[in-house]
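First listed ligand is number 1; within each ligand, the first listed atom is number 1. Heavy-atom basis, side chains included; hydrogens, waters and symmetry copies ignored.
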Amino acid sequence: MPCFLSKKASKIKPYAAGAQPSQDGVIKLNTNENPYPPSPKAIEAYKNFRPESLRLYPRPDGGELKKAAAALYGLREDNVFCGNGSDEVLALSFYAFFDGGIMFPDVTYSFYPVWAELFGISYKTLPVNDDFTIPADKLTGRGIVLANPNAPTGIALDLCEIESILKRNKDHVVLIDEAYSFFGAQSAAPLIEKYPNLLVVCTLSKAYSLAGLRAGFALGQPRLIEGLENVKDSFNSYPLDAVAQAVGSAALSDTAYYEEIAKKITATRDKTIKRLREMGFSVTDSKTNFIFAGKKGVDAADLKNFLEKNKIFVRHWDAPRISGYLRISVGTDEQMEILLSRIKEYISR
Ligand SMILES: *Cc1c(COP(=O)(O)O)cnc(C)c1O
């Protein structure tokens with residue numbers, strides 16, 4: 001029988017997303033979703049959406065969402081590119097900017113090597129330090145892709161460190177993936193005016209509590225945005241549907257609501273980190289809505305399975321350097337209490 005598949009389709013090892021369990025009563029701490037609902041303004045925009053208007057194609061450039069993102073960051077619309085989730089924005093960016101190869105830390109978002117493979121981009125990994133911090137001065141010589149804060153470690157670089165990476169790599173695009181920058185890290189967006197090589201990628205899935213909507217955007221100087229538009233229009237002209245444009249733009253305009261829930265999440269995070277450290281876990285200094293924790297003598301994969309049997313889902317990677325750790329999304333205080341008591345039960349048996 002003929003193989004039917006392209007070489008890429010048959011050989012590529014795709015990104016494995018966290019499980020979306022369908023059973024009831026689950027405490028879902030495995031994909032960094034927000035435990036709080038989207039802004040009331042976003043919900044109202046959803047309810048006010050006129051389904052009859054779905055007869056028409058949406059604005060190809062993201063429309064209202066593009067406007068709202070520009071306003072939020074004090075930029076112009078030609079500084080913004082919108083996509084179907086930031087994963088799509090990232091994929092198109094890999095295609096648009098990185099013919100010359102890229103570099104990223106060895107411990108980072110595991111989608112990066114997949115896009116590099118898919119598009120035939122050569123990539124080098126930079127080993128992170130033993131404490132999972134990034135030796136940022138060694139990021140140099142090719143395109144740079146950096147999640148800041150990093151995933152799954154949660155550790156953030158300061159803005160001045162990002163700026164020195166930009167200065168050192170003036171001939172290459174430096175892509176900063178800010179999926180989690182709302183939870184305590186500094187955004188690099190204010191540097192866009194100054195650095196034509198900077199692209200900042202943002203999502204509505206985490207801080208904005210709209211993972212199910214699928215919306216993300218990139219910020220950069222018009223030259224980079226044009227490159228992304230070219231690639232998009234060679235693939236799918238309408239990545240953001242009309243509902244996502246209406247609801248996403250309403251969300252971006254409600255900063256006050258999102259600051260309030262981010263404050264709740266970071267308070268819950270810091271309390272939980274403290275408790276885990278008291279139980280002997282080594283926990284990174286997270287600037288995100290997740291916690292990265294491991295304990296000597298505890299088999300992280302086994303702990304993950306134990307929690308899962310108790311309907312608590314967390315994430316574990318059987319990968320070099322991080323197999324002793326779990327990544328735990330920050331839920332509500334009540335959810336974290338249940339998690340902590342199950343962990344206590346596990347380590348004291
Ligand atoms: C969640 C996440 C994204 C992707 O988010 P979308 O839902 O596709 O917008 C991108 N980068 C990192 C590091 C993430 O954790």
(request) Show the numbers, then the answer: is there a side chain to side chain contact (heavy atoms under 4.5 Å, CB included) between Lys66 and Phe217? (result) CA-CA 8 Å; Lys66 187 183 177 92; Phe217 55 90; over 6 Å; no
(message) Can you report which non-hydrogen protein atom sits closest to atom 15 (O) of ligand 1, along with the distance?
(response) Tyr180 OH, 2.5 Å
(message) Students should be able to answer this: which protein heavy-atom is nearest to atom 11 (N) of ligand 1, and at what distance?
(response) Asp177 OD2, 2.7 Å
(message) Applying side chain to side chain contact (heavy atoms under 4.5 Å, CB included) to Phe290 and Arg315, what does each step give before you reach the verdict?
(response) CA-CA 10 Å; Phe290 58 82; Arg315 196 92 204 258; over 6 Å; no
(request) Indicate yes or no: does an N/O atom of Tyr109 lie under 3.5 Å from an N/O atom of ligand 1? (result) no
(message) Could you tell me, atom by atom, which parts of ligand 1 come under 4.0 Å of a heavy atom of Thr203?
(response) 5 (O), 6 (P), 7 (O), 9 (O)
(message) Show me which atoms of ligand 1 lie under 4.0 Å from any heavy atom of Gly85.
(response) 8 (O), 9 (O)
(request) Classify the contact between Asp87 and ligand 1 as side chain, backbone, both or neither, using a heavy-atom distance cut-off of under 4.0 Å. (result) both
(message) Tell me whether His316 contacts the main-chain N or O of Ser323 through its side chain, where contact means a donor paired with an acceptor under 3.5 Å.
(response) yes
(message) Is there a side chain to side chain contact (heavy atoms under 4.5 Å, CB included) between Arg269 and Phe183? Walk through the geometry before answering.
(response) CA-CA 10 Å; Arg269 174 193 72 200; Phe183 301 100; 4.0 Å; yes
(request) Run down the list Lys206, Glu178, Arg214 and name the one with the heavy atom closest to atom 8 (O) of ligand 1. (result) Arg214
(request) Report the member of Pro152, Ser86, Ser205, Gly83 with the shortest heavy-atom distance to atom 7 (O) of ligand 1. (result) Ser205
(request) May I ask you to check whether Tyr109 and Tyr112 place their ring centers less than 6.0 Å from one another? (result) yes
(message) Would Lys263 and Glu259 count as a salt bridge (charged side-chain N to carboxylate O under 4.0 Å, His left out) here? Give the steps.
(response) CA-CA 6 Å; Lys263 217 186 274 170; Glu259 276 170 359; over 6 Å; no
